[in-house]
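These notes concern the structure reproduced below.
The basis for the numbers below is simple: all heavy atoms, side chains too, and nothing from hydrogens, waters or symmetry mates.
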Amino acid sequence: MSEPTTAKPQTPTVSPQLIRQLPVAIVVTLLVVAAVFAAVVLLAHRSDWWPAYGFATAAGLICAIVSGMIILSSAGKPADYVVTMMMLLAGVRVGISVIGLIVGVKVLALPPVITAMMICGYYAAMLIVESLLVRRALNGPATTSTDTLRGNQG
């Protein structure tokens, strides 16, 4: 008598639908954050914040381009690869944001607090949208903490 074979669960991968959704999600996020910050500058009647707004928007755009390239390289890869790339992405985005903040404040003499707040706003918005999109794009069975503890990761 042979034992019944159990199917080994498939390793979750990032679906190709991410390739179609990511650019749109990035553009919409950048536009929404830019509109919110522009409204804040207008409502505060602070014309001295416009250079910080422009600089933070440029830094956010650079972060978005780098983010898109890193995440798009994850399409069709195993979930653990995608998680590693998301951690790398967070580090790269922090690096770009911090360097941008230093350049904006020290070199361009932009107002430090508003520049930092705007750069952080772009950072947080992109992090949330990209994380949600990558999580949704993962397909296959979800790995639970119990599976991890028991070694049943596929």
Side-chain angles (χ1 to χ4, degrees), residues 11-145 147-149 153-154:
T11 303
T13 60
V14 176
S15 70
Q17 75 184 14
L18 177 63
I19 294 172
R20 292 187 303 272
Q21 295 173 349
L22 183 67
V24 173
I26 287 174
V27 168
V28 169
T29 301
L30 286 173
L31 291 175
V32 167
V33 173
V36 168
F37 286 156
V40 167
V41 174
L42 287 172
L43 291 173
H45 300 291
R46 297 291 305 260
S47 61
D48 59 323
W49 288 358
W50 284 114
Y53 168 80
F55 186 80
T57 302
L61 182 61
I62 292 168
C63 287
I65 291 168
V66 172
S67 296
M69 291 174 14
I70 291 173
I71 291 177
L72 288 176
S73 73
S74 300
K77 300 283 187 350
D80 56 347
Y81 176 85
V82 176
V83 171
T84 302
M85 297 314 311
M86 289 299 292
M87 294 298 109
L88 171 68
L89 172 61
V92 167
R93 193 182 304 121
V94 165
I96 292 170
S97 298
V98 168
I99 290 169
L101 180 59
I102 291 169
V103 168
V105 171
K106 296 293 183 186
V107 176
L108 301 176
L110 297 174
V113 174
I114 194 65
T115 304
M117 289 175 59
M118 288 184 184
I119 287 176
C120 288
Y122 279 109
Y123 177 89
M126 293 304 299
L127 177 67
I128 291 167
V129 168
E130 290 169 352
S131 297
L132 290 174
L133 187 60
V134 167
R135 174 59 192 119
R136 196 173 72 208
L138 288 172
N139 60 23
T143 303
T144 64
S145 59
D147 290 339
T148 304
L149 291 173
Q153 296 177 5

**Message:** Distance check, rounded to the nearest 0.5 Å: L101 atom CG versus L110 atom CG?
**Reply:** 9.0 Å

**Message:** Within this structure, what is the CD1-CD1 distance for the pair I70 and I65, rounded to the nearest 0.5 Å?
**Reply:** 12.5 Å

**Message:** Restricting to non-hydrogen atoms, name the atom on F55 and the atom on G100 that form the minimum distance, rounded to 0.1 Å.
**Reply:** CE2-O, 2.8 Å

**Request:** Give the minimum heavy-atom separation between P51 and D48, together with the two atoms involved.
**Result:** CD-O, 3.5 Å

**Request:** Indicate yes or no: at least one non-hydrogen side-chain atom of M86 is less than 4.5 angstrom from one of L89.
**Result:** yes

**Asked** Heavy-atom count around M117 CE within 6.0 Å, excluding the residue itself: above 12?
**Response** no

**Item:** Which atom of V105 lies closest to which atom of P112, heavy atoms considered
**Value:** CG2-CA, 3.7 Å

**Asked** What is the distance from atom CD1 of I119 to atom CD1 of I96, rounded to the nearest 0.5 Å?
**Response** 11.0 Å

**Message:** On a heavy-atom basis, which atom in Y123 and which in S97 lie closest, and how many Å separate them?
**Reply:** CD1-OG, 4.0 Å

**Asked** CG of L31 to OG1 of T57: how many Å apart, nearest 0.5 Å?
**Response** 10.0 Å

**Asked** Any side-chain heavy atom of M118 within less than 4.5 Å of one from V41?
**Response** yes

**Asked** Between atom CZ of R93 and atom CD1 of I62, what is the distance when rounded to the nearest 0.5 Å?
**Response** 13.5 Å

**Prompt:** Could you give all pairs that pass the ring pair (Phe, Tyr, Trp, His ring centres under 6.0 Å) test and reach residues 93-122, with sequence neighbours left out?
**Reply:** F37-Y122

**Asked** Nearest heavy-atom pair of A44 and W49: which atoms, and what distance?
**Response** CB-CZ3, 3.7 Å

**Request:** Quick one: closest heavy-atom pair of A25 and L133, and the distance?
**Result:** CB-CD2, 4.1 Å

**Request:** Report yes if the side chains of I26 and M126 come closer than 4.5 Å at any heavy-atom pair, otherwise no.
**Result:** yes

**Fill in**
CG of L42 to OG of S47, rounded to nearest 0.5 Å, is 10.5 Å

